[in-house]
Structure formats: structure tokens, C-alpha cells
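One structure below.
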2 protein chains.
Amino acid sequence: MTTMSESSVGPRPRPTMRQVAALAGVGIKTVSRVINGEPDVSPATRAKVKQAADSLDYQPDLHAGNLRRADGRTKTLGLLVGSVANPFYGTLHRAVEKAATARGIAVFASSLDDDSEREEALVSAFLQRRVDGLILATVATSQAYLAPELRRRTPMVFIDREPAGIEADAVVSDNAAGAALATRHLLEHGHRRIAYLGDLDSIQTARERRRGFLEELGRAGVATRDIPVIVDLHDEASANRAVLALLDSPNPPTALFTSQNLVTIGAITALRARALQNRVAVVGFDDISLADLLSPGLSVVAQNPQRIGEVAAERLLARLDGDQTPAHPYIVPTELIARGSGEIGPHA
Amino acid sequence: MTTMSESSVGPRPRPTMRQVAALAGVGIKTVSRVINGEPDVSPATRAKVKQAADSLDYQPDLHAGNLRRADGRTKTLGLLVGSVANPFYGTLHRAVEKAATARGIAVFASSLDDDSEREEALVSAFLQRRVDGLILATVATSQAYLAPELRRRTPMVFIDREPAGIEADAVVSDNAAGAALATRHLLEHGHRRIAYLGDLDSIQTARERRRGFLEELGRAGVATRDIPVIVDLHDEASANRAVLALLDSPNPPTALFTSQNLVTIGAITALRARALQNRVAVVGFDDISLADLLSPGLSVVAQNPQRIGEVAAERLLARLDGDQTPAHPYIVPTELIARGSGEIGPHA
DNA sequence: CTGCTTTCCGACATCGTTGTCACGGTTTCA
DNA sequence: TGAAACCGTGACAACGATGTCGGAAAGCAG
């Protein structure tokens, strides 16, 4: 008895075009034409087919169609970022998604978490799903493994870091110029003893920022001999320790340039621990939400993740549309936002 | 002349199993066996095939295989969130992704942006790509349109808000209890005139939070007649204005309960504008990064987006593994984090 | 050497869709 | 009035893989 009632509401298999065709009393190709909005179907037939499809809740199988379709496009794109939980990449992801969705393209997103081991596996997962293009924030030392895919004309845009071992479009912040901007700002406020607190030196962007910092000091004629340059800080705790050590040293810096979010936060915490947040200047690389509500407000060199995402998506879509211009890097400018902490003068 | 050199490095078409088979001198089915690690292939043949596949950079087409495969699984899952740029959903996304990737499942993510018009279209895009399951933070007033899909046994887990019009698993924060928690905290610190600042009343979770607030006041025997309850605030600016108006009123509140991130920030900004941040207590719903670096530190009722993502993924994967238990809601507890702003006593 | 398993492998149909083509029926035009 | 053009439609192969099944070769017992 339950059998009967169950079978009446039980799981209906997902309908195929063939079943829609049978219900509408037409050939399968006609259904295909109606579903895809192709011409040469009489209005009456069209209506019949639409009704049949609706009554069965028919959803065409995009991938089956793709198998046969001439252009072979899956209307799908792969996005590899550091972590989808990182607001920087979240904003970037949103921008990419916006451009993609406008063209009916769905986005696969994956997090790399600085694990170069996973990079190739995740890309392979995208490729097996036949994405139309890739947007990649890579971390491995070389992207040469992508060369065959590049030869197959799979559009590929690198973000955040430039690729090594292959030639492909890249959209990156101007890390060196941004760091120089921050440095000049501190110099202009009278600082000479500016400490540099950097991320892992294995990261290309981290090295770029350090280079920008040192070069700006050089341009200003400041001897870099006595400048504390500390690298390989990758989290809040290590940055905190490093800054405390600096502050407690015989000749502490009058200003800090922190090259990354977590380092910045660790540094601020350390300054507060010594009640020096209003006496030691800080400029951080990368904006932080609520930075303006801190006291003093946090001055930063802000990247523009939204713009990076927009440009990357624009490049990828252009390639998909047949753009054959040579690959080259796109630089997205950074911007100095003064909120207080960077405008503190030097105190003996 | 260029023709020759170009053809040698020119784009090679993506190889198929058939081509790997030809190169290895075996049948196509044997290649299939090797690629999928099936038994009954001699080690010698296996090696030959592997080498051929490598030399062609063969990547199997997951979707073509899927068409024929018995279980019909695409190893793909759809995640619909408010916005991938929102850190709350970013964290949740990361947790879902982690569980999925561990099983070789890729994640499609899409942002809804409170646009109920897009909801059905985005779900349809997922369905046409034959995702194995859905995790959805919905916004439309009814999810009845998903009933046919539910009958087809497509696993589906709702997050953040419970679905309307159908029965399905849901993983949500305990909004009412969390609001009550915040309210009790303020009551215990002696406040009686607590203003409520809420999000759009059309949002289910916002209504729940308001209910929790009012019920807790009721339990404490506080007359709600004179309690300012302001709703339909959805951004920083409107919250700011509302709080300024309250502070300038004849009988201003001694404490604020803000029901959402942006509202909280708008409220804090308003308090600072009147230099009252150390005299009027605030507890916000939802944690904010850097909340502990503000002065006073911001007390909040924190949700646990990571846990929500974990539970949602666990439920979905269990359903994929055949779990048939009846659908029901899972409640993820909230937590009060005291950092200062919520512990300010009432000032006349 | 025969007959039986076991091992390894490939021919073939098939998954759900689209591209090609041919067919019957109107309409149009010289 | 006949040919040509067009419209609406469906039969069929094909896309790249996997499931089924049968068969050749090798191993083994009698």
C-alpha cells in the first residue's frame, strides 16, 4: 500500500531530451532546436515542446551537449587563489565572478593555501573538467608544467604573481612602486630609521616589496647599513615578536614598514604592548578593514583586488573571444591612504 | 617556411583516449583501464599506456566519462552564498571546499547579492552542469521551485537561513539565542534602556534576532514600550544616521545592540562622532576582524561560519553516501566575546 | 594432448546531446 | 505550369568516454 503512494511521488528519473520529445510527440532534434532557441520551428510546435519540457522539469545536460557542440566550450572557468577565506581574494573572486556570470560562465574556485604541492593537482582537476580558461594565483617555483596546456590555446591569466617558466598574461599590483610609495611617505615625515618587516623571502611579491623599499632609501641617500630589514615573517605571532625585539633594542626604529596584513597586525599589537602606537609611525602594505577606526588610524598602501579581478577577467574573456596579442603583464597601481599612523613624526 | 616551424610547435589538439591507444598500440578500453587504475592489465601494457599518455599530456575528459559511468557522479558541487567577497561566506566557503577537495570534489561558487531574481537562474546553471549536490544560502521567499530536484534525490543543504516551501537539511546559527545572549549581557551590566538596531525586516534571520532580543527583555521583566527598536537598516550610512538621531534624542539609550556587521560599524562611527564610545555600551551580532584592536574593544556575539561550512559539507557528503535520515535543521551555537564595549556600565 | 580456468585484452553498444543531411510540403517566380 | 526556393522536421552519426561481453593466449590438471 505504501508502495503505491510512494511510487506516485517517488523519485522520477531526470528526464532526457528523448523523453521530452516523446511527450511532445516530436523528434528529438526539434526539442534541441526549441531548447536552444534555434529558428525554423513553427510556433505551435515550439509551444508544445516548451510545455512538455516544463511539465517534466527538463534541464538540458550542458556537458553532454558540449561533447558534440562545435566550439567545445563548457562555459566554465577555473580560479585558483591563495585562499577563498582571504578577503583580498574574496574581493578579487567577486570581480571575476561578476564578469563571468554576465556571460553565463560559471566559476570553479579553489584555495592553494601556499601549498605548491597542490597546485598541479588542482589545475589538473580544472583541466579534466575542461574549463574554458584559468585565472591563477600560483605559488610553485615554476609553471612550466602548464606549457602543453598553453600550446593548446587554453587562455590563462596569472594574478598576484607573475608566472615563471612560461609566457602568459599576468595582472599584478605594482609591488615595488607601492613599497617605494610607503617609504617615501615615511621619509617625507622625517624618518630615517625605518624598519622593514617582510613576508617569506621565497615569495616573489615579498621580494619585490623589499626591493622597492631599499631602492627608495637609496634614492633618498639614506644609508641602508643600519636599517633593520627583517624577513620571513608569515604570521601575526612572528611579526609581533620581531617588533618587540626591535622596540627593546638599543637604537629602536622611529617608523615601521610592514609588508603584509598579518605582519601589520602583529606589529600594531606589539606597539600597543609598549604603548608606542602614537610615537612610532607605521605604514602597512595592503588595506585592512576597519583600519580607519583604529587609533591612530592605520595608514596603508592599498592594493586594488577588485581591479585586479576585473582586468584578469577582461583579459581572459578577450582571449576567449580570439584576442591573439602577445602575452604581457598588466600592472594595477597601488594607492597610499593616510589615516594617521603613517604621519607620526620621528621621536628620539 | 614559417609554416614548417610553426607546425612543429603549433597548437596540438587535445588528445583523446583513442589517440593514446593508437600511440601505445593497444585498444581504447585498455587505456581506460589504466587511466582508472582498474585491474587485469599486465604491468608491461600498463607501463606502455602510461608512457603514451604522458607523452601526449593526456587529461581524461571527466564529463564524457560521466555520461556513461554507472553512478553518474560529476564530483562537483554547487555553493550559493550571499557574496564570495563577504568574509563570513569566505570562511564558510573555505570549510566546504576543504571537505570537498578531500574527496576529489570541485566546488562551483556563486554570489547571490540579495537578489532573489538571480537565485533560480544560478541554481539552474548548477543543475545544467549536473552538480552532485547543492549548498545554498537562499534569499527568495520560497524554495518550492526546488521540489522537483529534491524528488530526484539531489542532496541539498541550506545554510544561514532555513528553506521555505520544501523540507531539506539546514545548518543555521542560533540567531534568537545569540541575540538573547547579547541582550542578557547588557542587562547584567545594568542597562535597561537598550536600543535595537536591525537589518531589513524581510530577512528571516534579522527577524529571529529581533525576536531573541525582545523575548530576553520580556524574561527580564523590562517593559519594551520605551525601548527603541529600529529596523530596515542595511548599510553603514543608514545605521550611522539612525544612531546619531538616537543619541541626540531627549532620552538616549545607554546601550546598543546592533544586529549585523555593517550596522555595528555605522553605530561605532556615530558614537565616535559624539565622543561617546566609552560611555555607551555596544554589543554587535557577528564578529569583525580587528575588533579587539579598537578602543574600546568591540564585544560581539560571534557566529561560527567555519563550523557552519563543516557541518553543511558533512551533511551533504553523508547524503551522497546514501544517508536517508529525515531532513532536519542543525543549529550551530553562537558565542559571546567580551572585549570591552559590551561591559561599559550605564551612564545617566 | 585434451579440456578447463585464468589472465589479458578489444569490439561494440551506449550515455545525452548537437551537426549534417535529406525529405516532404508550400510558396514564389519566371 | 514547372522549377526553384524555402520551411519545418526527423533519421543518423558523432563527441569521448565506460560497461558488457566474448575471445585469444597462457597455464594447469588429467
Side-chain angles (χ1 to χ4, degrees), chain A residues 12-50 52-53 56-76 124-125 127-132 152, chain B residues 12-50 52-53 56-76 127-132 152:
Chain A
R12 277 179 304 182
R14 195 184 292 286
T16 68
M17 235 176 212
R18 171 171 274 91
Q19 304 181 38
V20 176
L23 181 60
V26 300
I28 175 179
K29 179 70 224 220
T30 298
V31 176
S32 170
R33 275 189 269 256
V34 172
I35 295 292
N36 296 305
E38 288 172 33
D40 295 339
V41 181
S42 75
T45 310
R46 205 175 281 275
K48 238 186 348 186
V49 170
K50 275 196 173 126
L56 292 178
D57 271 297
Y58 173 71
Q59 293 270 13
D61 184 322
L62 198 65
H63 291 115
N66 229 64
L67 206 51
R68 193 60 173 76
R69 213 185 317 271
D71 64 7
R73 296 281 171 83
T74 54
K75 298 219 150 227
T76 290
S124 179
L127 260 21
Q128 295 193 4
R129 287 174 175 85
R130 295 296 187 263
V131 296
D132 294 335
R152 285 182 196 122
Chain B
R12 279 179 303 183
R14 196 184 293 283
T16 68
M17 237 179 212
R18 171 171 273 92
Q19 304 182 38
V20 176
L23 180 59
V26 301
I28 175 179
K29 180 68 226 221
T30 297
V31 177
S32 170
R33 275 189 272 256
V34 172
I35 295 292
N36 295 304
E38 287 172 31
D40 295 337
V41 181
S42 75
T45 310
R46 204 175 281 274
K48 239 183 353 184
V49 170
K50 273 195 174 129
L56 292 177
D57 272 298
Y58 173 70
Q59 293 270 12
D61 184 322
L62 197 66
H63 291 115
N66 231 62
L67 207 49
R68 192 60 173 73
R69 215 185 315 271
D71 64 7
R73 295 280 169 85
T74 54
K75 298 217 148 229
T76 290
L127 260 21
Q128 295 192 5
R129 288 176 174 83
R130 297 294 187 263
V131 297
D132 294 334
R152 284 181 196 123

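Since this is a predicted model, take the numbers as computed values, not measurements. Each chain gets a letter, A, B and so on, in the order the sequences are listed, and its residues count up from 1.
- Going from atom CG of A/N66 over to atom P of D/dG16 covers 11 Å, rounded to whole Å.
- Contact annotation for A/D40: base contact, defined as any heavy-atom pair under 4.0 Å involving a base atom.
- OP1 or OP2 of C/dC8 has not a single side-chain nitrogen or oxygen of B/T45 nearer than 4.0 Å.
- D/dG16 atom C1' lies 12 Å from atom CG of B/L62, rounded to whole Å.
- A/A70 comes within 4.0 angstrom of the backbone, heavy atoms only, and of no base.
- Mapping B/G25 and B/A64 onto DNA chain C via the closest heavy atom, the residue that lands nearer the 5' end is B/G25.
- Spacing between atom CZ of A/R33 and atom C1' of C/dG19 amounts to 10 Å, rounded to whole angstrom units.
- Checking side-chain atoms of A/R14 against main-chain N and O of A/Q59 turns up no donor-acceptor pair under 3.5 Å.
- The distance from atom CG of A/D61 to atom P of C/dT14 is 19 Å, rounded to the nearest whole Å.
- Annotation: side chain of B/L62 is not in contact with side chain of B/T74 (no heavy-atom distance under 4.5 Å).
- Regarding contacts with the backbone of C/dT17, a side-chain N or O of A/Y58 is found under 4.0 angstrom from either OP1 or OP2.
- For A/K29, the listed nucleotide lying nearest its side chain is C/dT20; candidates were C/dT17, C/dT20, D/dT18.
- Rounding to whole angstrom units, CD of residue A/E38 and P of D/dG10 are separated by 14 Å.
- Between the OH atom of B/Y58 and the CD atom of A/Q128 there is a distance of 8.5 Å, given to the nearest 0.5 Å.
- Other residues, nucleotides and ligands contribute only 12 or fewer heavy atoms inside 6.0 Å of the CZ atom of A/R18.
- Residue B/S32 places no side-chain N or O under 4.0 Å from the OP1 or OP2 atom of D/dA17.
- Within the structure, every side-chain polar atom (N or O) of A/T30 is placed at least 4.0 Å from both OP1 and OP2 of D/dT9.
- Using a 4.0 Å heavy-atom criterion, one finds that A/N36 contacts the sugar-phosphate atoms exclusively.
- Classification of B/R130 and A/D61 as a salt-bridged pair holds, one side-chain N sitting under 4.0 Å from a carboxylate O.
- A close approach under 4.0 Å does occur between a side-chain nitrogen or oxygen of A/S42 and OP1 or OP2 of D/dT9.
- Heavy atoms of B/R18 sit nowhere under 4.0 angstrom from any nucleic acid atom.
- Rounded to whole Å, the distance from CZ on A/R68 to P on C/dT18 is 10 Å.
- Separating the CG atom of A/L67 from the P atom of C/dT14 is a distance of 17 Å, rounded to the nearest angstrom.
- In this structure, B/I28 places its CD1 atom 11 Å from C1' of D/dC15, rounding to the nearest Å.
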